[in-house]
Number of protein chains: 2
Amino acid sequence: MTTIYDIAKKANVSAMTVSRVVNNTGRISEATRKRVKKVMEEMNYVPNSMARSLVLQKTKMLSLLITDITNPFFTTLARGAEDTAKRYGYKLLFGNSDEDYAKEKDYVDMILSTRVDGVLFAPAGDRSLEPLQQLQNHQIPFVLLDREVPGMEADMVLGDSKEGARMLVGHLIELGHRRIALINGAPDVSTARLRSAGYLEAHKLAGLPVDESLVIYANYRDFHEDSALDGLLRLPSPPTAIFAANNFLAIGVIQALRQRGYRVPEDLSVVCFDDFGPAESLNPFLTVASQQAYQFGSLGMQLLIERIDSESDLPRRKLVLPSELRIRSSTAAPTSINTKAADH
Amino acid sequence: MTTIYDIAKKANVSAMTVSRVVNNTGRISEATRKRVKKVMEEMNYVPNSMARSLVLQKTKMLSLLITDITNPFFTTLARGAEDTAKRYGYKLLFGNSDEDYAKEKDYVDMILSTRVDGVLFAPAGDRSLEPLQQLQNHQIPFVLLDREVPGMEADMVLGDSKEGARMLVGHLIELGHRRIALINGAPDVSTARLRSAGYLEAHKLAGLPVDESLVIYANYRDFHEDSALDGLLRLPSPPTAIFAANNFLAIGVIQALRQRGYRVPEDLSVVCFDDFGPAESLNPFLTVASQQAYQFGSLGMQLLIERIDSESDLPRRKLVLPSELRIRSSTAAPTSINTKAADH
DNA sequence: CTGTTAGCGCCTTCAA
DNA sequence: TTGAAGGCGCTAACAG
């Protein structure tokens with residue numbers, strides 16, 4: 001690899017002059033600038049960003065950690081983050097924790113040793129506190145995405161999970177549903193708790209009682225709680241609708257329902273958080289609370305870069321993005337059969 | 001940030017000894033090793049990978065460049081690449097060219113300045129030759145994914161586009177279709193040319209003539225060729241089926257068809273390459289040639305790492321992965337109306 | 001406008 | 001088993 005010294009020798013200048021040409025700093029005569037540039041081209045020079053980072057003490061690299069790279073919510077978010085990072089001249093190092101604390105920890109170690117300038121961090125859950133504290137210890141600025149972590153004060157971009165949940169469940173109640181199950185994410189994830197709160201709120205507003213036996217905790221990545229679902233369906237008064245806490249849970253639940261011979265929405269209505277990406281636009285089916293995924297990424301990135309660039313310490317900022325109810329065909333009024341079942 | 005010197009001072013040893021402890025090299029007495037380790041913990045030491053890379057002349061980082069981060073084909077591929085990279089102790093720097101040569105070039109500049117050890121490269125198309133040659137000039141090993149680039153000899157992992165296309169079109173012909181349109185990717189992308197070849201082959205095998213006016217060239221990212229589509233539909237003998245060269249084109253085409261009042265498959269059948277991710281599994285609709293996206297990533301990564309690790313120069317390797325015909329409900333026999341239209 | 005010196009954090013080489 | 005010197009490629013600070 002050619003270095004500034006190689007260029008310097010061939011152009012009959014000092015390395016420092018080459019460095020100045022590369023970075024457009026200081027004053028340089030047009031003549032030498034041209035000469036140096038020409039040699040750089042000839043020798044195909046590319047600056048070594050490692051060496052530069054070492055002396056500048058900054059890398060111009062940022063990290064984005066998401067919890068599921070196959071989920072359209074996060075890929076859309078990633079694109080928002082990437083577009084914004086690029087606009088500010090930052091490179092982006094992606095990482096994927098798979099909702100797994102161990103992988104998340106590995107990733108944080110990597111971040112630390114790479115000395116990135118900042119991190120966009122979608123935490124796996126409450127136990128992400130420790131890796132986040134590590135980032136803090138090492139003075140690496142970060143912004144939380146999508147999920148809060150109790151005990152951690154930081155900039156963050158969240159969705160309004162409670163209100164979104166309230167809308168979804170409110171919609172089901174308006175349709176006439178009275179027995180609504182909740183298939184939630186893990187309870188150590190803030191969005192799961194808030195969606196639960198919204199679920200309760202909707203019941204309260206409608207003056208309906210809540211039956212705790214209608215709530216199942218699962219995992220945002222996929223649905224494996226078949227036996228719990230069977231339990232729900234065998235209840236004396238089974239649910240006529242299901243609120244799945246995210247898109248992938250909804251898919252899993254619907255597949256499980258169909259295996260058991262239930263139709264959606266004829267036998268049960270299903271709603272969930274988050275869209276499904278371009279594929280869904282073909283045959284829009286699920287009634288969802290749609291979140292502005294791209295904005296999560298681009299706004300989060302802006303907060304992060306602002307914090308990195310600001311000399312003084314900014315106050316902590318917390319953005320909450322609303323979601324939007326999109327009524328499609330996975331919801332309907334409960335059928336007489338269902339209502340009868342519910343009357344048991 | 002604490003350095004090996006900070007540790008050294010506190011542990012009463014030289015920096016060199018600390019370095020040896022960190023890397024588990026050389027012989028060190030158990031006593032000092034323990035002492036040093038303890039101080040490292042206390043001070044929360046994390047090695048600076050920039051500094052290390054600078055002297056070792058390798059970064060243990062690889063790059064993955066894909067052309068569309070929102071396309072499930074590529075996110076699945078990315079996960080395969082990531083899993084394998086991690087298994088071998090490499091970090092992965094993602095990049096997204098959006099099928100855009102300019103962005104791709106920027107990305108290659110970034111790769112060069114970051115001095116990554118190797119690149120998994122899904123080229124935007126034939127004009128990617130130049131950035132690839134740059135990588136070659138700088139002796140950075142790479143593996144091509146999904147697409148060939150004429151004039152570039154390299155390791156690669158491809159899908160069998162021709163045979164996949166032949167299967168899809170063969171399926172349409174078996175159903176009775178005789179007028180089959182092809183909405184292809186851009187002609188400077190190798191897969192588009194091969195899918196075109198498979199389309200021709202299927203016709204030839206069935207003894208059917210090919211009508212060039214039934215072929216439209218578009219862009220893999222999305223479908224904007226509405227007027228060209230209108231042209232097809234107004235033909236005296238319009239197509240009764242459409243082969244879209246990838247998943248996103250199929251989505252665009254079907255939406256355009258529906259806007260015009262056509263139903264799929266009643267009025268026109270549609271087939272395409274690639275699946276749609278988990279969302280599609282709910283209401284499987286499109287008949288596709290499904291590619292093993294994860295394998296593209298994981299096998300490509302293996303080839304890359306093998307090449308990086310091998311002292312001698314390996315022969316060039318080219319893997320071609322088969323695709324699988326998945327018949328779903330976007331295809332049906334042509335209706336009498338259509339056949340009548342075709343009889344004009 | 002240009003050059004010299006020193007050092008970012010680490011590891012290789014050689015010496016003790 | 002341990003340490004000292006030097007250098008990876010670059011730039012800040014100072015000098016001319």
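Residue numbers start from 1 in every chain, and the chains themselves are labelled A, B, ... in the order their sequence lines are given, proteins ahead of strands.
A salt bridge links R316(A) with E153(A): at least one charged nitrogen is closer than 4.0 Å to a carboxylate oxygen. A salt bridge is absent between D188(A) and R147(A); no separation between the charged side-chain nitrogens and carboxylate oxygens falls under 4.0 Å.
Nucleic acid contact for R52(B): sugar-phosphate only, since backbone atoms but no base atoms lie under 4.0 Å from a heavy atom of the residue. Among the protein residues, I4(A) comes within range of the nucleic acid bases, having at least one heavy atom under 4.0 Å from a base atom. Residue V13(B) is in sugar-phosphate contact alone, with no base atom involved, counting any heavy-atom pair closer than 4.0 Å across all strands shown.
Listed nucleotides: dT11(D), dG3(D), dG3(C). Nearest to the side chain of S14(B): dG3(D). With distances taken from any side-chain atom of A51(A) to the nucleotides dG9(C), dG9(D), dG3(D), the minimum falls on dG9(D). For L54(B), the side-chain atoms get nearest to dG9(D) when compared with the rest of dC1(C), dG9(D), dA12(D).
DNA chain D is contacted by both L56(A) and R27(B); R27(B) maps to the nucleotide lying nearer its 5′ end (nearest heavy atom per residue). Annotation: of the two residues near DNA chain D, S29(B) and V55(B), the 5′-most nearest-nucleotide partner is S29(B). Across the interface with DNA chain C, nearest-nucleotide mapping of N23(B) and Y5(A) shows Y5(A) to be the residue nearer the 5′ end.
If you take CE of M43(A) and P of dG9(D), they are 12 Å apart, rounded to a whole angstrom. Computed from coordinates, the R20(A) CZ to dA13(D) C1' distance equals 10 Å when rounded to whole Å. Rounded to a whole Å, the CD1 atom of I7(B) is 13 Å from the C1' atom of dC10(C). Between the CE atom of M50(B) and the C1' atom of dC8(C) there is a distance of 12 Å, rounded to whole Å. At whole-Å resolution of the value, CE in M1(A) and C1' in dG9(D) are 12 Å apart. Between K58(A) atom NZ and dG9(C) atom P the separation is 16 Å, expressed in whole Å. The distance from atom CG of L112(B) to atom P of dG9(D) is 16 Å, rounded to the nearest whole Å. Straight-line distance from the NZ atom of K34(A) to the P atom of dC1(C): 14 Å, rounded to whole Å.
Taking only side-chain nitrogens and oxygens, S53(B) never comes nearer than 4.0 Å to OP1 or OP2 of dC10(C). In this model, the phosphate group of dG9(C) is not approached by any side-chain N or O of T3(B) to a distance below 4.0 Å at OP1 or OP2. For N48(B) and dC8(C), the shortest distance from a side-chain N or O to OP1 or OP2 is not below 4.0 Å. Residue S19(B) has a polar side-chain atom (N or O) positioned under 4.0 Å from OP1 or OP2 of dC11(C). For T17(B), a side-chain nitrogen or oxygen approaches OP1 or OP2 of dG3(D) to under 4.0 Å. In this model, the phosphate group of dT2(C) is approached by a side-chain N or O of T32(A) to a distance below 4.0 Å at OP1 or OP2. Dashed line: the shortest gap from a side-chain N or O of Y45(B) to OP1 or OP2 of dC10(C) is under 4.0 Å. Between dG9(C) and Q57(A), a contact under 4.0 Å exists linking OP1 or OP2 to a side-chain N or O.
Minimum heavy-atom separation, G159(A) to Q291(A): CA-OE1, 3.4 Å. Considering all non-hydrogen atoms of both residues, Y90(B) and I308(B) come closest at OH-CG2, 3.7 Å.
When only modelled atom types and interatomic distance are considered, Y45(A) and D6(A) share no side-chain donor-acceptor pair under 3.5 Å.
T59(A) contributes a side-chain N or O that, together with a main-chain N or O of R115(A), makes up a donor-acceptor pair within less than 3.5 Å.
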